[in-house]
2 protein chains.
Amino acid sequence: MNKPTIRIKDIAQKANVSIGTVDRVLHNRGRVSEEVRVKILQIIEELDYQPNMIARTLGTNRTYRIAALIPDGTIDPYWQESQNGIEKAGKELQIYGVQITQYRFNQHDVQAFIDQATALAQANLDGILVAPVFYRESLPFFEQWHALSIPFVLFNTQIEESNSLSYIGQDAFQSGSLAGKLLHYGQPEGCTFLVAHIAEDIANSAHLLGKEKGFRAYFSQQPALASSYKVISADLKKPGDISFFHQLDRLLDHYPDMKGIFVTTSKAYEIATYLQHTPERNIRLVGYDLLEKNLAFMEEGLIDFIINQNPQGQGYWGIQFLADHLVFKKKVALRKNLPLDIITRENLAYYLEAAQ
Amino acid sequence: MNKPTIRIKDIAQKANVSIGTVDRVLHNRGRVSEEVRVKILQIIEELDYQPNMIARTLGTNRTYRIAALIPDGTIDPYWQESQNGIEKAGKELQIYGVQITQYRFNQHDVQAFIDQATALAQANLDGILVAPVFYRESLPFFEQWHALSIPFVLFNTQIEESNSLSYIGQDAFQSGSLAGKLLHYGQPEGCTFLVAHIAEDIANSAHLLGKEKGFRAYFSQQPALASSYKVISADLKKPGDISFFHQLDRLLDHYPDMKGIFVTTSKAYEIATYLQHTPERNIRLVGYDLLEKNLAFMEEGLIDFIINQNPQGQGYWGIQFLADHLVFKKKVALRKNLPLDIITRENLAYYLEAAQ
DNA sequence: GAAAAAAATGTGTCCGCACACATAATTTTA
DNA sequence: TAAAATTATGTGTGCGGACACATTTTTTTC
C-alpha cells in the first residue's frame with residue numbers, strides 16, 4: 001500500500017549510471033549523451049519520481065527575493081490585511097529560502113507608487129507581487145519587469161495583457177451579481193436599488209464598474225425582474241462631509257421606493273451612518289470588506305450583508321503562487337478567483353477567526 | 001535586516017561544547033551536567049534558536065502513521081469529500097513522513113463502525129482522525145486511545161469530554177441561527193418556518209438538534225420577531241417514498257402561511273423535488289452541502305441558499321492538526337471552527353473551484 | 001590509589017539533494 | 001597516431017539536524 005519513496009539514487013541504480021548523471025538530466029545541465037538522457041527520463045516517468053523538495057531546499061542553500069508592491073496599510077485597514085496575508089505566507093515560506101520585502105506607497109499618491117516601483121528595480125529580485133491600483137502608471141513597469149524576465153503576480157485589481165504570471169482576486173462582475181441577488185432576495189416586492197460608488201476615481205477603477213455591470217445584469221437578465229426593479233447609480237464624493245448627506249437626501253427624495261443600496265467600495269459604513277438617522281425607510285445595505293466600522297453597523301443591523309474581498313487571502317496566495325513558481329517549479333494558474341464570501345452577523349465570527 | 005540563521009553548531013560554538021551536547025539538551029536526552037545544560041538553554045533563549053524543521057525531518061527518517069476512521073464515501077458523497085480532503089492533506093504531508101490509512105465504515109451500520117475501530121487498534125498508530133457519528137459506541141474507543149496515549153482528533157460531530165486533541169467542525173447552533181437569518185431576511189413579513197430533519201436518527205445526532213436550537217433562538221431572542229414568526233419542526237422519514245410527500249402535504253395544509261423550510265441535513269433536494277410540484281407556494285428553502293442534486297435545484301431557483309459544511313476542509317484540517325502535533329510539535333487549538341459559508345447561485349462556482 | 005563504573009562529552013554517518021570538481025571515454029587536431 | 005580538446009560520467013562535500021557509538025572525565029569501590 002505504501003509505495004517506497006523514489007530517490008535520485010534509485011533512478012541512477014536502475015539506469016546503471018551515477019547520481020551525478022541523473023542530476024544533470026533533472027536540471028537540464030547538459031553534458032549527458034542523448035541515449036542516456038532518454039533512458040533516464042523514461043525511468044523517471046515510469047517510477048513517477050517526485051523530488052523531495054525538503055531535501056532540495058536544504059541542498060541548494062539559495063534564497064529567493066520577492067518584493068511586494070502595495071498600498072500602505074497604515075493609511076487603509078484594507079491594505080493592512082493584505083500585508084498580514086503577505087507576512088503570513090512569508091513566515092511559512094521562510095524555511096524554503098523565501099525573503100519578502102514590502103514596498104509601500106500611499107494609495108492616493110501616484111508619484112509615491114512610481115517612486116516605490118522604481119526603487120524596487122534596484123533590488124535584484126526573483127519575483128514581484130503587485131497591487132496595480134494605478135492602471136496607466138503600472139504599464140511601463142510591467143514592460144520593464146517582463147523585459148528583465150522577473151515574474152510578477154497581480155492581485156486585487158486585474159489588468160489584462162500585463163504579461164503577469166497570474167492574477168489573484170475576485171470576479172468583479174460576478175461580485176456585483178451576487179450583491180444583486182442579496183438585495184433582491186431581501187426585497188421580493190420590486191423597488192429601486194442604488195449602486196453607490198464612494199470617493200473613488202471611477203474612470204481609473206475598472207473593477208468598480210465591473211461590479212455595477214454585474215449588479216445591473218442580475219436584474220436585466222431575468223425578464224421578470226427587469227420590469228419591477230429599477231437600478232440607479234451615483235458617484236458620491238466627500239464622505240463624512242455634510243455635502244455627502246445632502247447628495248443622499250436628494251436621491252432618497254427623488255426615489256421614494258428606494259429600498260436597497262449596494263456600495264461598491266469598502267465604505268458602506270458611510271452610508272450606514274446616514275441611514276441611522278432615517279430608520280423608518282428600512283433600506284437594505286450591502287457592501288464590502290470586514291472593516292471595524294462596517295462590522296459595528298452590521299452588528300446593529302444597519303448593514304445586512306458584506307461581501308468579503310479577502311485582502312489577506314489575496315496577499316497570501318499571491319506570495320504562494322510566486323513561491324510555487326520560483327521554489328517548487330510548479331505550473332501556476334493564470335488566474336485564481338477567491339470565493340465571494342457572504343458575511344452576515346451570524347457567521348461573521350468564523351471569518352475573523354480564520355483570518356488569524 | 002536579514003538576521004543569520006542560528007544552527008545547533010552556532011550554539012555549540014558559543015557554549016564551547018560539541019553539537020552532540022547541544023542535541024542532548026534540545027531533546028532532553030539527559031547525560032549532560034546541570035551546569036552546561038543551563039548555559040546552553042540560556043544561549044538558545046538568547047539567540048532565539050528555531051530548529052530547522054526541514055533538516056529535522058530529513059535527519060530523523062521516521063514516519064508517522066495516522067488512521068482516518070470515517071464513513072464510506074462510496075455510499076454518501078458528503079463523506080467522499082472528506083476523504084478527498086484527507087487525501088489532499090496526506091499528499092502535502094507525505095514528504096514529512098506522514099502515512100495515512102483510511103478505515104471506512106457504513107454510516108448506517110453501528111457494527112461496521114465498531115469493527116473498523118477495533119481493526120485500527122492493531123495498527124500501531126501515531127494518531128487518529130475520527131468522525132464519531134455514533135455517539136455511544138465511540139466513547140469506549142476514546143478511552144482506549146487515551147489509555148494508549150494515541151492522540152486523536154474529532155471532526156464533523158463534536159463530543160465533549162472525549163479527551164480529544166482537537167475538534168474540527170462547525171458550530172451547529174450558530175449554523176441554525178444563520179439559517180434563521182437567511183429565511184427571515186427573505187420573508188420580512190412574518191410567517192411560519194419549518195425545520196425539517198430528514199431520515200436521521202435524531203436522538204443520536206446532537207448536532208441536528210443544535211441546528212434546530214440555533215434556528216429557534218434566532219427568532220425567540222428578538223422580541224419583534226418572536227410574535228410574528230412561528231417555527232415548527234418535523235422528523236421526516238423515507239425520502240423518495242410516496243409517504244414522504246404525504247407528510248409534507250399534511251404540514252403544508254396545516255400551516256398555510258408556511259413560507260420557508262430549513263433542512264438540517266444535506267437532503268434539501270428531497271424537499272425541492274416536492275416543491276417542484278407546488279411552485280405557487282413560493283417557499284424559501286435553505287439546506288446544507290454542495291451535493292450535485294442540491295446544486296441542480298439551486299440552479300433552478302428552488303433552493304435559495306446552501307450552507308457549506310465543507311467536509312473536504314474538515315478532513316484536510318483534521319490531518320493537518322494531527323501533523324502539527326506529531327511532526328511539528330506545535331500546540332494545536334482545542335477547537336477549530338470552520339466558517340459557515342453561505343452559498344448561492346451567484347457565488348457557487350468559486351467554492352467548487354476552491355475545493356480542487 | 002588503581003581498577004571499575006558511571007557520567008559527561010565528542011565524533012561520525014546518514015537523510016535526499018545540489019553542485020563543484022575529478023576522472024574516464026571519445027573525438028578532434030596536427 | 002599521439003597529444004589536445006571535448007564530451008560524458010563519477011565522486012565528494014555540504015546543507016542542518018538526529019542518533020548511534022566512541023572517547024574522555026569524573027566518581028565509586030575495595
Side-chain angles (χ1 to χ4, degrees), chain A residues 3-41 43-44 47-64 94-99 326-329, chain B residues 2-41 43-44 47-64 93-99 326-329:
Chain A
K3 54 212 162 191
T5 339
I6 306 299
R7 301 157 301 170
I8 286 185
K9 199 195 225 175
D10 300 312
I11 298 170
Q13 259 167 21
K14 189 147 197 202
N16 256 328
V17 293
S18 73
I19 57 168
T21 304
V22 176
D23 179 73
R24 250 165 253 127
V25 349
L26 276 174
H27 294 85
N28 289 311
R29 291 195 224 278
R31 317 230 140 236
V32 178
S33 72
E34 188 58 21
E35 184 192 7
V36 174
R37 206 180 74 88
V38 170
K39 184 177 175 190
I40 289 177
L41 246 23
I43 292 178
I44 286 176
L47 264 45
D48 188 28
Y49 167 71
Q50 304 286 359
N52 183 333
M53 298 310 294
I54 294 293
R56 175 170 291 180
T57 43
L58 236 202
T60 82
N61 219 16
R62 84 160 283 189
T63 55
Y64 299 90
Q94 195 183 1
I95 50 173
Y96 293 103
V98 172
Q99 292 173 351
L326 294 170
V327 184
F328 305 113
K329 319 289 184 207
Chain B
N2 292 313
K3 52 208 163 192
T5 347
I6 305 300
R7 302 156 302 171
I8 286 185
K9 199 195 226 175
D10 301 314
I11 299 169
Q13 259 167 21
K14 188 146 195 204
N16 257 327
V17 294
S18 74
I19 57 168
T21 304
V22 176
D23 179 73
R24 252 165 250 127
V25 347
L26 276 175
H27 295 83
N28 290 311
R29 291 195 224 279
R31 315 231 140 238
V32 178
S33 73
E34 188 57 21
E35 185 191 7
V36 172
R37 208 182 74 86
V38 171
K39 185 176 175 188
I40 290 177
L41 246 24
I43 293 178
I44 286 175
L47 264 45
D48 187 29
Y49 167 71
Q50 302 287 358
N52 183 333
M53 297 308 293
I54 295 291
R56 176 170 290 180
T57 42
L58 236 202
T60 80
N61 216 18
R62 83 160 284 189
T63 56
Y64 298 90
L93 295 165
Q94 195 185 359
I95 49 172
Y96 293 103
V98 172
Q99 291 175 351
L326 294 170
V327 183
F328 305 112
K329 319 290 184 207

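Quick caveat: nothing in here was measured; it's all calculated off a predicted structure. Because only heavy atoms are used, hydrogens play no part in the values below, and waters and symmetry mates are left out as well, while side chains stay in. Chain naming here is simple, since letters A, B, ... match the order of the sequence lines and numbering starts at 1 in each.
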Interatomic distance where [atom1] belongs to [X] and [atom2] belongs to [N] [whole Å]:
X: Arg29(A); N: dA8(D); atom1: CZ; atom2: P; value: 16 Å
X: Ile6(A); N: dC15(C); atom1: CD1; atom2: P; value: 15 Å
X: Lys39(A); N: dA8(D); atom1: NZ; atom2: P; value: 16 Å
X: Arg31(B); N: dG10(C); atom1: CZ; atom2: P; value: 15 Å

Quick check: closest heavy atoms across Tyr49(A) and Ile11(A), and the distance to 0.1 Å?
CG-CD1, 3.5 Å
Contact nearer the 5' end of DNA chain D, comparing Arg24(B) with Tyr49(B):
Tyr49(B)
Does a side-chain N or O from Thr21(B) land closer than 4.0 Å to OP1 or OP2 of dG10(C), or not?
yes
Ordered by number, residues from residues 52-63 of chain B within less than 4.0 Å of DNA chain D (heavy atoms) are Asn52(B), Ala55(B), Arg56(B), Leu58(B), Gly59(B), Thr60(B)
For DNA chain D, find the residues of residues 9-19 of chain A with a heavy-atom distance under 4.0 Å and give them by number; none if there aren't any.
Val17(A), Ser18(A)
Pick from Asp10(B), Ile8(B), Leu26(B): which one makes a side chain to side chain contact (heavy atoms under 4.5 Å, CB included) with Ile19(B)?
Ile8(B)
Nucleotide nearest Ile8(A) (side chain, heavy atoms from C-beta), chosen from dT9(C), dA18(C), dC19(D):
dA18(C)
In Å and rounded to the nearest 0.5 Å, what is the CD1 to CG distance from Ile54(A) to Asn52(B)?
9.0 Å
Establish, yes or no, whether a centroid distance under 6.0 Å links the rings of Tyr96(A) and Tyr64(A).
no
